[in-house]
Every structure is written in structure tokens, then in C-alpha cells.
*Asks:* 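First the structure, then my questions, so here it is.
Atom set for the values below is all heavy atoms of this structure, side chains included, hydrogens, waters and symmetry mates excluded.
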Amino acid sequence: MGFVALNRLMFKQKEQRRRRRIHNQKSTKVPKKKDSLCQEDDHSEGGKRSRYPGSNLPEDIWCHIHSLMPLRDAAHSACVSHAFLRSWRCHPNLKFTKETLCLKRNARAGRVARCFTMRVDQILKNHLGIGVKALYLGFPDSCKVDICRLDRWLQIGITPGIEEVTVFLPRNYRTKYSFPCSLLFGGCGNSIRHLRLSDCAFRPPVGFDCLRSLTKLQLYTVCTTGDELGNLFSNSFALEQLELIYCGELISLKIPFWLERLSFLRVSECNMLQVIESKAPNLHTLALYGDPVHLTLGESSQVKTLDLMLSYNWSSVSYAITKLPSTVPTLETLTVTSSSEVNAPMVADKFLNLKCLEIHFCAKAFSPAYDYLSLVSFLDASPALETFILSVNQNEVKHDSVFGNAWHMRQILGDKHASIRKVQINGFCSAKSMVELTCHILENATSLESLTVDTICDGFTGADVHRCYVQNISECWPIPRDQILEAHKALRAVDRYIVGRVPPAVKFNVLEPCSRCHAIDVELP
């Protein structure tokens, strides 16, 4: 029942009782009632006692209704009656953010911080500390956190039965505040399933066994070491997902074999990290962002999906093709994002199980000498490959154009790519090496079913994203003029060098710039 409808119902009931009381006072004296919602109505037809229908509901039903309301509506309803006030004091979902506390967005930073602290303090002081299922503290960046007060808030919220704890501190607090692991002792932490911390220190001690039900751990900009995480892993047998982002003290990450439920691991921008060693037998998805690390997986490794994006100074493509075939032999889906211009080398190792390969190039400007045709070595190393997606997103268009340079189109002799069925190239341009790569695929992918060429790359999210005629939006995503000019050159290259090579059985799709939003005067050779 919504808050407005509930108010209307209670107002109507109170008005009916008021009129009945006035009528009865004319003939006899009646005791004055204290609470129109929770107390009995002493007179009714036939002289029988009657109650307001809601007063017959058990208190746990009121609490359940209250728990379904957003925090703001639940707080408003507590002003209506004593019954809702009692259920408000044991509200299970305590989410404190600027939005849920109705803080003005355009207010001064100091005022926002004071109001945030005052309202959270008032709510938690009145809370009974029972029945809490989720505690979310999302501090504004301008908020100066009082450490003692924060500990008191956590002590009130983290009680037996809580399932989700989120503490997002303001930036640069990771050296000022250490999450109090002692609050998890005495059974308070054994019900927690999801723990998210940011901008603090997290130091589980030796023998730590307080997160036995933990299934998801997310640490953002948190100071913690490999040994301290090992203390947590020692008894967190239910862990399923682990995310470590900007954890600057982490040098070595070792995941033990008894974490049998762990299926997802993401490690991002942990710049001191050198080694990742996982013996988790059911780890299926791995995401690595940042500097390259020494990756070791157990013999029973079942990693099938990997997302790789190395730092700017490293070539993700070269690292993937030289290191991963032997390290992750069970890989089936590989996504590689690279900002480096190093050509893909030829290798002997094979991705024997790889079925889907996505390569994303994101750079301000690629060197004109970059050779897209070198990606054929990746195709040769993937005999079971079925889907190949290449996305090229560059702010400045620089390359050796195929126009005026097509007298010698290179061809690479080798095995046929017999398994490839779907190819998609986003950000197709008139670079000679890209045209050569496309022609190579058409000539050697004997099972090819569809080829999609998109002359615009929109953030690697798909060929049809942000097009007004596809998504029924008012305007397409804005594109610089030089990229629109390049897209028209690419269309010319498709007509001249690609169309005639497409086999009749292959479905060929060419996506052009929007004729309405991206219309310019074009002069092509």
C-alpha cells in the first residue's frame, strides 16, 4: 500500500470515528480515547466493541509493510501513528545517501555534510538495533567523518541477522579509518552475505572467522594486504564473487582451493600487485585491469571468460596471445582492450577452446603504421573461434589510406578459419591494413554466415547504440567532423574493395552515419 493511499485510508477512518463519538456524546458520556489508530473504538452498532481493521494486524506484518517502503516514505509514515513509529524503529533497510536523506544538491558542501551527519545520527539513535538486514553508508565527499561517531553507527547497524554492509567513505580516508573487524565478532558478522568497503583500511586478524556466510566482497581503494585477505579466506567458504579495485598495498593475491564456490574475480588497478595465484576449482570469470601480473591457475582451473585491459604502456593484445594460451587453456570467451600500438606477433601456442574473441582498440590516435592485418595471428591461434568482434575507437584519425595505395594488397597464407561464423567490425575505416584484414576473413572464413561493418564506433557497446533511427531517440550521439568524413571514406572503401568479395551465402550489413544528424558536405577521391 502506498504512503498517500495509506494516509487517506487512516484519515477517513478517523473522521468516521469522530462523527460517531460526537453522536454518542449527546446521549451518554464515553471515555476519551488516546490513539485512534491503535486503540479500540468503544461503541458501535448493537453496543458491541469494534476495532479499526488495521489494529488487528500483528506487529510483524506492520514491520513487513514498512520494510517495503523507501527510507523516506517509511520515515514519513512513522509520524502518522504509534504502530508505524514502532515498526520504523526496527526498519530493516537503512540506506543513507544524499538522495535518501533528501539533501539539497545545490547546497553548500559544509551544510550538506552537517545535515547528513545530523540525520543519520538521529535515525540510528532512535533505531532499536534489531531486524537490520542492510546498512548502507554513502558519505558525501565533503563530509568530515568523526571516527568515534562512525564506529557507533556501525555498532548500532551491524547486529546478528544483518546480510549487507556497505561503507563508502569520502576520498582519502583510507589512511584515517580502519574498518572495525571487532564489530563482526560474537556472531554479528556470520550472517553478512555482501560486504562493500571504500576508502578505508581492512585488516582481518589471524584466525578471523566472522564472515562464514559471505558470498560477495568488494573493496574499492582499500588498504589491505595479501596476508590479511588470506586471514579472511581461511573461513569464508561461501565466497562467490571477489572484487579488488585500487587496493594499493596488495602485492600478492593467493586464493586457496577450499573456496569452491568462488566463480568471479575482478582485480583492477592494484598497481603494486605482482602475483595472482588461484587454486579455486570453480573460478569461471576473471577480469584483469592494470599492469600485467604473473598469473597462475591450478590444474583444475575452469576459467572460461576473461576480460583483459592492461595499462597504457603495455600491449594487451601481445600479452594475451603470448601468455594466455598456456595459462588459461580452458578459455572460451576473451575480451581484450588495448591502448597500445604494438602489432600482434605470430605464436605457436593455441587457444584450443576459444569461441568468442573481442578486441577493442581505444587510443587518442593510432600510429599510421599500425597493422590491423597482424590480428590474423590471433585468428590462426584460435581454431575453434566462432565469433570475432573488432572495435576501433580513436579521437584522431591517422592511418595509411587504401586509396592510392591499393596496388599491392597483401595476402597471408595459412590455415583456413573454418569455425568463424560471425564477424563484426565497429569503427571500420579506410586504413589499408583494415581493408586487407576484412578481405582475408572473407577469403578464409569458409563457414562465415554474417559480416557487419559499422563505420562508427560508439564506445564498444554495440553497432546500433545511440543511433536515432534505431533507438527512437531525438538525436544521434555527436561525432567530430573528421570522424564523419572518415566514415564516408570507409563507405567508399567498402564499395570498391569489399562488396565484390562477399560470398552470396554471407549476410553483409553496412552501417552508415546518420543522414540527418551526421550530414555534412563530403568530397571524396
*Asks:* Under the criterion ring-ring contact (aromatic ring centres under 6.0 Å, His included), which of Phe116, Tyr173, Phe168 is the partner of Phe139?
*Replies:*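 When ring-ring contact (aromatic ring centres under 6.0 Å, His included) is applied between Phe139 and each of Phe116, Tyr173, Phe168, only Phe116 qualifies.
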*Asks:* Nearest heavy-atom pair of Val317 and Val336: which atoms, and what distance?
*Replies:*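 Where Val317 meets Val336 most closely, the heavy atoms are N-CG1, 3.8 Å.
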*Asks:* For the residue pair Glu512 and His488, confirm or rule out a side-chain donor-acceptor distance under 3.5 Å.
*Replies:*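 Side chains of Glu512 and His488: no pair found under 3.5 Å.
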*Asks:* Do Lys416 and Glu443 meet the salt-bridge criterion of a basic N to acidic O distance under 4.0 Å?
*Replies:*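 Looking at Glu443 and Lys416, the cut-off is not met.
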*Asks:* Is any side-chain N of the basic residue among Arg203 and Glu228 closer than 4.0 Å to the acidic one's carboxylate O?
*Replies:*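 Looking at Arg203 and Glu228, the cut-off is met.
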*Asks:* Quick one: pull up OG1 in Thr305 and CG in Leu334 and give me the separation to the nearest 0.5 Å.
*Replies:*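 With rounding to 0.5 Å, OG1 (Thr305) is 9.5 Å from CG (Leu334).
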*Asks:* Kindly compute the distance separating CD1 (Ile412) from CE (Met346), expressed to the nearest 0.5 Å.
*Replies:*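 Nearest 0.5 Å value for the CD1-CE distance: 7.0 Å.
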*Asks:* Would you call Glu163-Arg193 a salt bridge at under 4.0 Å N-O?
*Replies:*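 Looking at Glu163 and Arg193, the cut-off is not met.
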*Asks:* Determine yes or no for a side-chain-to-main-chain donor-acceptor pair under 3.5 angstrom, with Ser374 supplying the side chain and Asp371 the backbone.
*Replies:*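 Yes.
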*Asks:* Determine whether the aromatic ring centres of residues Phe378 and Phe388 are separated by less than 6.0 angstrom.
*Replies:*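 So the answer is no for these two rings.
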*Asks:* Strictly distance-based, threshold 3.5 Å: is any side-chain N or O of Thr296 a donor or acceptor partner for the main-chain N or O of Glu277?
*Replies:*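 No.
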*Asks:* Going by heavy atoms in the side chains, are Glu99 and Thr97 under 4.5 Å from each other?
*Replies:*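 Yes, side chains in contact.
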*Asks:* Within this structure, what is the CZ-NZ distance for the pair Phe257 and Lys279, rounded to the nearest 0.5 Å?
*Replies:*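 Between Phe257 CZ and Lys279 NZ, I get 8.0 Å after rounding to 0.5 Å.
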*Asks:* Side chains of Ile251 and Leu273: does their closest heavy-atom pair fall under 4.5 Å?
*Replies:*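 Ile251 does not reach Leu273 side chain to side chain.
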*Asks:* Can you check whether Gln424 reaches Asn509 side chain to side chain, under 4.5 Å on heavy atoms?
*Replies:*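 They are not in side-chain contact.
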*Asks:* Just how far is it from atom OG1 of Thr225 to atom CD of Glu249, taken to the nearest 0.5 Å?
*Replies:*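 Thr225 atom OG1 to Glu249 atom CD measures 7.0 Å (nearest 0.5 Å).
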*Asks:* Any chance NZ of Lys422 has more than 12 other-residue heavy atoms, nucleotides or ligands included, within less than 6.0 Å?
*Replies:*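 It does not: Lys422 NZ has 12 such atoms or fewer within range.
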*Asks:* How about Val423 and Thr452: do any of their side-chain heavy atoms sit closer than 4.5 Å?
*Replies:*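 No - every pair of side-chain heavy atoms lies 4.5 Å or more apart.
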*Asks:* Testing the basics here: between Phe233 and Ile255, what is the closest heavy-atom pair and its distance to 0.1 Å?
*Replies:*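 Scanning both residues completely, I find the closest heavy atoms to be CE1-CG1, 4.5 Å.
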*Asks:* Side-chain donor-acceptor pair under 3.5 Å between Ser311 and Asp291, yes or no?
*Replies:*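 The answer is yes; a qualifying pair exists.
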*Asks:* With a cut-off of 6.0 Å (strictly less than), are more than 12 heavy atoms of other residues, nucleotides or ligands near CD of Gln302?
*Replies:*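 Buried by this count: over 12 neighbours within 6.0 Å.
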*Asks:* Considering only NZ, NE, NH1 and NH2 on the basic side and carboxylate oxygens on the acidic side, decide whether Asp227 and Lys254 come within less than 4.0 Å.
*Replies:*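 No, this pair does not count.
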*Asks:* Quick one, Leu511 with Val453, criterion side chain to side chain contact (heavy atoms under 4.5 Å, CB included). Give me CA distance, side-chain angles, the key distance, then yes/no.
*Replies:* CA-CA 6 Å; Leu511 300 178; Val453 171; over 6 Å; no
*Asks:* Counting only heavy atoms from other residues, nucleotides and ligands, does the tally under 6.0 Å from CZ of Phe264 exceed 12?
*Replies:*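 Enclosed: over 12 neighbouring heavy atoms sit under 6.0 Å from CZ of Phe264.
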*Asks:* Could you check whether any side-chain N or O of Ser316 sits under 3.5 Å from a backbone N or O of Leu310, counting only pairs where one atom can act as donor and the other as acceptor?
*Replies:*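 Yes, because the side chain of Ser316 sits within donor-acceptor range (under 3.5 Å) of the backbone of Leu310.
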*Asks:* Looking only at atom types and distance, does a side-chain atom of Asn353 sit under 3.5 Å from a main-chain N or O of Leu331, one as donor and one as acceptor?
*Replies:*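 Between the backbone of Leu331 and the side chain of Asn353 there is no qualifying donor-acceptor contact (under 3.5 Å).
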*Asks:* Look up atom OG1 in Thr455 and atom CD1 in Ile425, then write down how far apart they are to the nearest 0.5 Å.
*Replies:*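 Output value for this atom pair is 12.0 Å.
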*Asks:* How many angstroms lie between CG in Asp141 and NZ in Lys98, if you round to the nearest 0.5 Å?
*Replies:*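 Atom-to-atom, Asp141:CG and Lys98:NZ are 8.5 Å apart.
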*Asks:* Go through it in stages, so that I can follow the logic: the residues are Leu451 and Thr438, the test is side chain to side chain contact (heavy atoms under 4.5 Å, CB included), and I'd like the CA-CA distance, side-chain angles, deciding distance and then a yes or no.
*Replies:* CA-CA 9 Å; Leu451 171 62; Thr438 308; 4.2 Å; yes
*Asks:* Quick one, Leu197 and Tyr220 - any side-chain contact, counting heavy atoms below 4.5 Å?
*Replies:*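 They are not in contact (no side-chain heavy atoms under 4.5 Å apart), so the answer is no.
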*Asks:* Would the Phe179 and Tyr177 ring centres measure less than 6.0 Å apart?
*Replies:*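 Not under 6.0 Å, so no.
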*Asks:* Quick one: are Val303 and Thr285 in side-chain contact, heavy atoms under 4.5 Å?
*Replies:*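 The answer is no; the side chains never approach within 4.5 Å.
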*Asks:* Asn282 side chain to Ser263 main-chain N or O, any donor-acceptor pair under 3.5 Å?
*Replies:*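 No, Asn282 side chain to Ser263 backbone: no donor-acceptor pair under 3.5 Å.
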*Asks:* Charged N to carboxylate O under 4.0 angstrom, Lys355 versus Glu386?
*Replies:*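 Between Glu386 and Lys355 there is no salt bridge, as every charged N stays at least 4.0 Å from the carboxylate O atoms.
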*Asks:* With a 4.0 Å cut-off, would you call Asp199 and Arg171 a salt bridge?
*Replies:*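 Arg171 and Asp199: not salt-bridged.
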*Asks:* Minimum heavy-atom separation for Leu491 to Pro513, with atom names?
*Replies:*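 The answer is CD1-CD, 4.0 Å.
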*Asks:* Indicate whether the side chain of Ser430 and that of Glu486 have a donor and an acceptor atom separated by less than 3.5 Å.
*Replies:*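 Yes, because at least one side-chain N or O of Ser430 sits under 3.5 Å from a partner of the opposite role on Glu486.
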*Asks:* In sequence, state the C-alpha distance, the side-chain angles, and the governing distance for Val328 and Leu306, and then conclude on side chain to side chain contact (heavy atoms under 4.5 Å, CB included).
*Replies:* CA-CA 9 Å; Val328 197; Leu306 194 149; 4.1 Å; yes
*Asks:* Can you confirm whether Tyr289 sits close enough to Arg266 that some side-chain heavy atom of one is under 4.5 Å from a side-chain heavy atom of the other?
*Replies:*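 They are in contact (side-chain heavy atoms under 4.5 Å apart), so the answer is yes.
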*Asks:* Just wondering, do Ser318 and Pro345 contact through their side chains at under 4.5 Å, heavy atoms?
*Replies:*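 They are in side-chain contact.
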